[in-house]
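Numbers here are sequence positions counted from 1. None of these values were measured; they are calculated from a predicted model.
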Amino acid sequence: MGAMNDWAPIAKEYDPLKAGSIDGTDEEPHDRAVWRAMLARYVPNKGVTGDPHLTLFVARLNLQTTEEKLKEVFSRYGDIRKIRLVRDLVTGFSKGYAFIEYKEERALLKAHRDANRLVVDQHEVFVDFELERTLKGWIPRRLGGGFGGKKESGQLRFGGRDRPFRKPINLPNVKNDFYGEGSAEKRNWSREGARDWRTRDREHERSREKRGPERERSWGWADSERERDSKEERSRGRERKDRDRKDRERDRSRERDAKKQRDDDKHR
């Protein structure tokens with residue numbers, strides 16, 4: 001990562017090794033997918049059109065959600081130029097994520113701030129800026145990269161909006177304006193086209209404040225993480241019990257059927 005003073009909760013450019021680390025300080029890959037991402041030579045899809053700096057990424061969509069529904073929901077933030085709901089080339093079914101290009105940057109920023117965790121067709125969606133063409137070094141999830149991920153997969157990726165890096169234990173105190181508390185700073189792009197991380201971080205903070213304290217997620221989040229782990233563990237425990245109960249019922253049913261068959265055979 002370089003000097004610890006360069007640490008930031010949101011990645012300034014994509015590095016698979018750092019993305020695979022909870023605080024962005026790993027020096028060795030901890031899963032095979034990180035190796036795969038490090039070795040990948042990914043080139044953004046040249047067939048994708050539109051302005052990447054005006055494009056919103058929307059994920060975790062209900063597979064039944066249509067382009068019309070997305071237009072209805074996301075046009076409240078501003079005029080939309082184009083919606084691309086990604087579909088399977090063979091079946092035509094939605095893959096659960098889309099890209100929405102706005103006509104103006106202020107509409108993009110408003111959607112980025114207000115639409116994250118919005119419920120659309122009974123699904124809580126996740127939104128972020130498009131990263132494929134704006135974040136230097138980007139490697140997609142299918143090649144072992146990406147951000148976020150589920151704990152069950154064992155391939156969590158940190159440094160994005162969904163799972164920011166946690167503050168390293170030995171990190172010295174950081175200035176207040178690190179989290180956007182200092183003087184206002186003009187939103188800009190680097191030469192590579194990546195968003196300035198401070199602006200993205202500040203937008204994330206504003207989004208949390210707007211949702212209110214009941215939905216706030218702290219940067220350190222040890223407590224919420226433990227609570228989520230506990231809930232997931234309880235959920236898995238219930239699922240195991242349900243499976244065991246169904247297996248026992250199935251076994252008893254088979255025994256009854258076998259006994260009935262034997263009794264029938266005896267009386268023939």
Side-chain angles (χ1 to χ4, degrees), residues 1-4 6-61 82-101 108 112 126-166 168 187-201 204:
M1 160 149 292
M4 289 297 284
D6 293 338
W7 181 89
I10 303 294
K12 297 179 249 187
E13 62 180 60
Y14 195 81
D15 181 333
L17 178 58
K18 293 170 186 144
S21 166
I22 196 166
D23 58 7
T25 61
D26 276 8
E27 296 182 358
E28 292 290 335
H30 73 272
D31 67 50
R32 290 181 181 178
V34 173
W35 276 115
R36 195 153 45 93
M38 290 171 69
L39 296 172
R41 293 291 176 265
Y42 179 71
V43 178
N45 186 349
K46 289 185 172 61
V48 176
T49 58
D51 187 343
H53 302 147
L54 293 176
T55 302
L56 191 74
F57 169 67
V58 185
R60 300 173 192 163
L61 291 168
K82 185 173 66 176
I83 293 178
R84 180 167 68 95
L85 178 61
V86 178
R87 296 179 177 276
D88 186 280
L89 291 174
V90 177
T91 65
F93 294 148
S94 167
K95 286 190 171 185
Y97 64 98
F99 296 90
I100 300 175
E101 183 187 357
L108 172 75
H112 182 268
F126 169 74
V127 307
D128 199 356
F129 300 120
E130 182 194 325
L131 298 177
E132 179 182 25
R133 296 179 290 168
T134 63
L135 188 64
K136 183 181 178 183
W138 176 252
I139 302 290
R141 184 77 184 171
R142 59 188 171 81
L143 296 178
F147 285 130
K150 294 182 179 179
K151 196 176 291 292
E152 294 80 9
S153 71
Q155 293 181 18
L156 295 179
R157 297 293 178 265
F158 300 87
R161 187 182 197 186
D162 191 32
R163 288 183 182 274
F165 291 126
R166 293 194 194 175
R187 182 171 180 276
N188 57 48
W189 305 89
S190 68
R191 282 194 297 276
E192 297 82 10
R195 274 170 217 282
D196 184 274
W197 67 268
R198 289 187 183 86
T199 305
R200 290 170 59 194
D201 189 29
H204 179 78

Residues forming a side-chain contact (heavy atoms from CB on, under 4.5 Å) with [X], sequence neighbours excluded:
{"X": "Arg142", "value": "Tyr42, Pro140"}
{"X": "Leu39", "value": "none"}
{"X": "Arg36", "value": "Ala33"}

Shortest non-hydrogen contact between [X] and [Y], atoms and distance:
{"X": "Trp35", "Y": "Pro29", "answer": "CE2-CG, 3.5 Å"}
{"X": "Pro168", "Y": "Thr25", "answer": "CG-CG2, 4.0 Å"}
{"X": "Glu101", "Y": "Gly50", "answer": "OE1-CA, 3.4 Å"}
{"X": "Gly145", "Y": "Ala37", "answer": "N-CB, 3.8 Å"}
{"X": "Ile139", "Y": "Pro16", "answer": "CG1-CG, 4.2 Å"}
{"X": "Phe165", "Y": "Ala8", "answer": "CD1-O, 3.2 Å"}

Straight-line distance of [X] [atom1] to [Y] [atom2], nearest 0.5 Å:
{"X": "Trp138", "Y": "Tyr14", "atom1": "CH2", "atom2": "OH", "value": "6.0 Å"}
{"X": "Asn45", "Y": "Glu132", "atom1": "CG", "atom2": "CD", "value": "6.0 Å"}
{"X": "Asp23", "Y": "Arg166", "atom1": "CG", "atom2": "CZ", "value": "9.5 Å"}
{"X": "Asp26", "Y": "Lys18", "atom1": "CG", "atom2": "NZ", "value": "11.0 Å"}
{"X": "Thr55", "Y": "Arg133", "atom1": "OG1", "atom2": "CZ", "value": "5.5 Å"}
{"X": "Ile10", "Y": "Asp128", "atom1": "CD1", "atom2": "CG", "value": "8.0 Å"}

query = Under the side-chain contact (heavy atoms from CB on, under 4.5 Å) criterion, do Leu108 and Phe129 qualify, and how do the steps go?
reply = CA-CA 8 Å; Leu108 172 75; Phe129 300 120; 4.0 Å; yes
task = Could you tell me whether the side chain of Val127 reaches within less than 4.5 Å of the side chain of Arg161, counting heavy atoms only?
result =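 Yes. Closest side-chain heavy atoms under 4.5 Å.
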task = Side-chain contact test, heavy atoms from C-beta onward, threshold under 4.5 Å: evaluate it for Leu56 versus Glu130 and give yes or no.
result =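 In short, these two side chains do not touch, never coming nearer than 4.5 Å.
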inquiry  = Tell me every residue that passes side chain to side chain donor-acceptor pair (under 3.5 Å) with Arg87, counting only those two or more places apart in sequence or in another chain.
reply    =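 Scan of Arg87 (side chain to side chain donor-acceptor pair (under 3.5 Å), adjacent residues dropped) gives Glu67.
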key: Donor-acceptor under 3.5 Å (Arg163 side chain, Ile22 main chain)   =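 Here the side-chain-to-backbone pair does not exist.
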ask   = Can you pull the salt bridge (charged side-chain N to carboxylate O under 4.0 Å, His left out) pairs that have at least one residue in residues 50-60, sequence neighbours excluded?
value =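 For residues 50-60, and leaving out neighbouring residues, the salt bridge (charged side-chain N to carboxylate O under 4.0 Å, His left out) pairs sorted by first residue read Arg60-Asp162.
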inquiry  = My understanding is that only residues two or more places apart in sequence, or in another chain, count here; which of them pass ring-ring contact (aromatic ring centres under 6.0 Å, His included) with Phe126?
reply    =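 Not a single residue meets the ring-ring contact (aromatic ring centres under 6.0 Å, His included) criterion with Phe126.
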inquiry  = Determine whether the aromatic ring centres of residues Phe57 and Phe99 are separated by less than 6.0 angstrom.
reply    =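 Yes; Phe57 has its ring centre under 6.0 Å from that of Phe99.
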